[in-house]
Structures are given as structure tokens and as C-alpha cells.
Amino acid sequence: MAEQILTTKEACDYLGVSYWTLIHKLVKEIPHIRIGKRGNIKFKKSTLDKYLEEQEEKSKSVLQQDLTPHKKEASITELRERYNKKNNGKSIEEIMQKVRSIR
């Protein structure tokens with residue numbers, strides 16, 4: 001069976017993106033075929049499938065990074081303790097209560 005070749009419109013529909021996004025942004029990332037003097041752009045369906053799989057893998061790694069604890073998240077308790085020391089042992093809640101009573 002021959003490789004399925006998609007026009008830019010068909011590729012847009014397949015990827016779910018606008019024509020502008022495909023031509024001005026994704027064409028830099030996705031291998032494509034230019035045909036004729038006018039440079040009509042065509043895409044192999046298998047190449048688009050591969051691109052989608054790569055994007056999915058990238059998002060999985062980003063999600064995995066988001067789930068790993070960061071140094072900032074681990075030091076929230078430490079920051080709270082520093083804040084309390086600066087404010088003579090008063091907790092944030094105590095200070096907020098005082099601010100509310102002034103209003």
C-alpha cells in the first residue's frame with residue numbers, strides 16, 4: 001500500500017491546528033515535501049503520526065518533572081520558620097488576624 005500524502009488542509013484537519021499554525025510554526029518542526037514551482041507543501045501521514053508521538057513523549061516528561069518535588073516546594077516549611085523569626089515568632093495567621101481587626 002502506498003504512503004498516504006496529505007495536503008496542508010488535510011494535515012491541518014488531522015493535527016487539529018489552523019493553517020497559519022501549520023505553515024508558519026509547525027513546518028519548521030515537521031519534515032515535509034515541497035512540490036512544484038509554487039512550493040505546495042505536502043505531508044506524509046506517517047510523519048505526522050511520528051510528530052504526534054514525539055509531542056506526547058515530550059509532554060509525558062514534562063508531566064513527570066512537574067510531579068517530582070522541587071527545592072522550592074520542599075523549603076516552604078523553612079520559609080515559614082524564617083518568616084516567623086523575622087516577625088518575633090508571630091505566625092502569618094496571627095498577623096492577618098491583627099490586620100483584619102484594624103480594618
Exercise. May I ask you to test the Thr7-Phe43 pair for a side-chain heavy-atom distance under 4.5 Å?
Key: no
Exercise. Mind checking the CG-OG1 spacing from Asn40 to Thr8? Nearest 0.5 Å is all I need.
Key: 7.5 Å
Quiz prompt | Ile5: partners by side-chain contact (heavy atoms from CB on, under 4.5 Å), with sequence neighbours left out | solution = Glu3, Ile33, Lys42, Lys44
Practice problem: Report the residues that fulfil side-chain contact (heavy atoms from CB on, under 4.5 Å) with Glu57, sequence neighbours left out, ordered by chain and then residue number. | Solution: Lys60
Quiz item: Which side-chain hydrogen bond (donor to acceptor under 3.5 Å, both in side chains) pairs, counting each pair once, include a residue from residues 23-34, with sequence neighbours left out?
Solution: Glu29-Tyr51
For residues 11-23, which side-chain N or O atoms pair as donor and acceptor with protein atoms under 3.5 Å away, sequence neighbours left out?
residue, atom, partner, partner atom, Å
Tyr14, OH, Lys45, NZ, 3.3
Tyr14, OH, Asp49, OD1, 2.2
Ser18, OG, Thr21, N, 3.1
Ser18, OG, Thr21, OG1, 2.9

Self-check item: Side-chain touch Leu6/Gln4, heavy atoms, less than 4.5 angstrom
Solution: yes
